[in-house]
Amino acid sequence: MRTLVAAIVDATLNALKEQGALKLQARPEYVVEPPKNPTHGDLSCNVAMVMAKAEGLPPRKIAEAIVAGLVDHDGVVAKVEVAGPGFLNLTLRDLVVQRLGLRALQAGEGWGRRPRASTGKRVLVEFVSANPTGPIHIGHARGAFLGDGVARLLEAAGHDVTREFYINDFGKQVETLGRTVHKRYQQLFGIEAPLAEGEYPAQYVVDIAQKLKDRDGDRWLRAAADQWLPVCMQLAIDENMAAIKVSLAHAHIRHDVFSSEAALHQGGKVLGVARHYQARGVTYDADRAQGTEEKVRREDSKAAQFADRQLGGTFLITSRHGDDEDRIILRRDGTPVYLTADLAYHKDKFDRGFDRIIDVFGADHSGHVPRIKAGVELLGVDLKKLEFLLVQMVRITRDGQEVKVSKRKGTVFELDDLIEEAGADPCRFIFLSKTANAQLDFDLALVEKQSKDNPVFYFQYGHARCASILRFAADKGQPFAGVAAITDAHVARLVLPEEKSILKRLSALPDVVSGAAEALEPHRVLYFCQELIAELHSYYTKYRSDPVVSDDREKTQARLYLIAALKQTLKSAFAILGIDAPESMSRATDDDE
RNA sequence: GCGCCCAUAGCUCAGCUGGAUAGAGCACCGGCCUUCUAAGCCGGGGGUCGGAGGUUCGAGUCCUCCUGGGCGCGCCA
């Protein structure tokens, strides 16, 4: 609908230019959109106001010229008028509006989507990337659902998407995990081996130790640490990753590639990237970072706290590329730090030839962004290809009271428990309903409620109601004949303002999807559905005495076409969001708890 | 101290990259089921869009400053 009108506006502008009425040096950045106020027509266009300055003419004057010279060969526009400061308010011919549902039905499952991998753009979305030191918990949930939602959106927008999980299976934390496993393993043989501060007290480590005992018996009891440690670490990582994959599957979250940090080290990629920087001359050896001299730090900041541990090493000149200070990439003994591996990982991503690389980070990692950007820029690659989606913190509440989650206090809330309690769809719905860059309150009581208060059911009921109407029609001997059987005579029967409004709205799905994909904002698709469903329910209730299925077979087919197009739109949108579209929902009981 | 994010109805949040009269859900009040699902609909109250300047035809949206909140500022990962 929008593109139809935009084409007319463009043609009109070109015609006016040829007549000499407009200079039209550049194509103006105008929008065509449905106005909030329905008395302003079907579509509204701000082109005259946008052009006013460049043309040196008052907006209304330009608008009037466009109206007078409108190029509309196909007779799409029924009426156009100038309003307010220079808006063009367009009313479309009825039949144009009434046909708007046809595309949805013709496209079927592909409605709202561009063909798979049709843009030729390869996009990598990295998300979750939890440490393999334990189960995935509720703190990961937002980034997990959002990353998955963004990946689905980009796929729907026609990109070739790879979903990737970066496993931090290297370094101190997994080492500590390995040591904890060994202690639990010793305990299984009755040997006293108390856990130290910072080790992992939870039951799953005991289970891993039991697996080790079952598999290898007592062979690691008296072995040297350099013998048992790699074994314990590897088993723990494998077991934890397996559990994480199961949890993600329960949440209907999928990854294509699991990328290992340890593998980067073993493959020489980490030291390789350090040498790459050295060869480019963007490093120096020193005792301390540059860029910090004039910087005043609060005494209790971590930087100050660890200042005495600065020992010298090889630094990357990130401060010249937007970072606060230069960052160390090799310690004095030549071993790489976490950032070095992360940069090696990013280099690896770029080397794999992606056109767009998206990192979904929690807000607690926002401090890494400037140094990664600087490091990536110093690789000599195009920084514009790298985007960060920063997901703000989630405050967990139950009935308004904050639920404190702490690993140390053993009050972790595993994703699996949440999914089991509340279901994947309600959780996904909450996390996809807000923008990533605002904090979010997650009400456990609400999401666990299997009643009408749970907002996801409003959505699913909308789809189920469409399905129900189509079923009812079939039962009454008037099944929807299919889009091929729908003629202009049929669609012309959709004369109610509510019917036209639904058709206009649902026809916007492709625009909504591409806009949401560009902005990496799945919630836009969700709110689009909300508005569509509200219109459906309102229409349904208002015309209960003049229902969809009646003795007037032509009108019945026309309305079934409307309902079918709406159902397809919701189904397609839900698929993009990753939410189930049920054909029916059991009626809620009043005393549902 | 510095950096990033946020502030819109009592609560949780939208507001489509600057458009016309700021919306939804929950909560509250009042209505609507012998009919294709009442997990629904209709109506009502409720707002100096945190504050102050600025940019322009036009600002919840962009810029500056201020206030308040979250996160971060390690040769941990």
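Small disclaimer: the values here were computed from a predicted structure and weren't measured. To find a chain, count down the sequence lines: A is the first, B the second, and so on, and within it residues start at 1.
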Does [X] reach a base, just sugar-phosphate, or nothing at all? Heavy atoms under 4.0 Å.
X: N46(A); answer: base
X: A52(A); answer: nothing
X: N37(A); answer: base
X: L446(A); answer: nothing
X: P59(A); answer: nothing
X: F528(A); answer: nothing
X: E518(A); answer: nothing

Just the atom pairs and distances: protein N or O near nucleotides 8-10 of chain B's N or O, under 3.5 Å.
none

Less than 4.0 angstrom between a side-chain N/O of H523(A) and OP1 or OP2 of G15(B), yes or no?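 Yes, such a contact exists.
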
Can a side chain N or O of T435(A) be found less than 4.0 Å away from OP1 or OP2 on C13(B)?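 False: T435(A) side-chain N/O out of range (4.0 Å or more) of C13(B) OP1/OP2.
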
Chi class for C33(B): syn within 90° of 0, otherwise anti: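 Base orientation: syn.
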
Under the side-chain contact (heavy atoms from CB on, under 4.5 Å) rule, what do I167(A) and M241(A) come out as? Steps first, then yes or no, please. CA-CA 9 Å; I167(A) 312 169; M241(A) 281 310 298; 3.9 Å; yes

Distances under 3.5 Å between protein N/O atoms and the N/O atoms of nucleotides 42-45 of chain B, please, pair by pair.
| unit_1 | atom_1 | unit_2 | atom_2 | d |
| --- | --- | --- | --- | --- |
| C42(B) | OP1 | S538(A) | OG | 2.9 |

Is it true that R327(A) and E325(A) have a side-chain N and a carboxylate O under 4.0 angstrom from each other?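 So R327(A) pairs with E325(A) through a salt bridge.
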
Run the salt-bridge test on R524(A) and E521(A) with the 4.0 Å N-O cut-off and return the result as yes or no.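 Between E521(A) and R524(A) there is a salt bridge, with a charged N closer than 4.0 Å to a carboxylate O.
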
Starting at the 5' end of RNA chain B, what dot-bracket string do you get if Watson-Crick and G-U pairs under 3.5 Å are bracketed, crossing pairs use [ ], other-strand pairs use | and unpaired bases use dots? (((((((..((((.....[...)))).(((((.......))))).....(((((..]....))))))))))))....

Among all residues two or more places apart in sequence or in another chain, which pass the salt bridge (charged side-chain N to carboxylate O under 4.0 Å, His left out) test with D580(A)?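 D580(A) satisfies salt bridge (charged side-chain N to carboxylate O under 4.0 Å, His left out) with no residue once adjacent residues are dropped.
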
Going by side-chain hydrogen bond (donor to acceptor under 3.5 Å, both in side chains), Q173(A) matches just one of N168(A), T133(A), N131(A). Which one?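 Exactly one candidate clears the test, N131(A).
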
Does a side-chain heavy-atom distance below 4.5 Å link S501(A) with E535(A)?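 Yes, at least one pair of side-chain atoms sits under 4.5 Å.
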
Can you find a donor-acceptor N/O pair under 3.5 angstrom joining the side chain of N89(A) to the base of A20(B)?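 Answer is yes: a donor-acceptor pair is held.
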
I'd like a table of donor-acceptor pairs (distance under 3.5 Å, sequence neighbours excluded) in which one partner is a side-chain atom from residues 33-41 of chain A, with atom names and distances.
| unit_1 | atom_1 | unit_2 | atom_2 | d |
| --- | --- | --- | --- | --- |
| N37(A) | OD1 | T39(A) | N | 3.0 |
| N37(A) | OD1 | T39(A) | OG1 | 2.8 |

Hey, what are the protein-to-nucleotides 22-30 of chain B N/O distances that come in under 3.5 Å?
| unit_1 | atom_1 | unit_2 | atom_2 | d |
| --- | --- | --- | --- | --- |
| A24(B) | O2' | Q530(A) | NE2 | 3.0 |

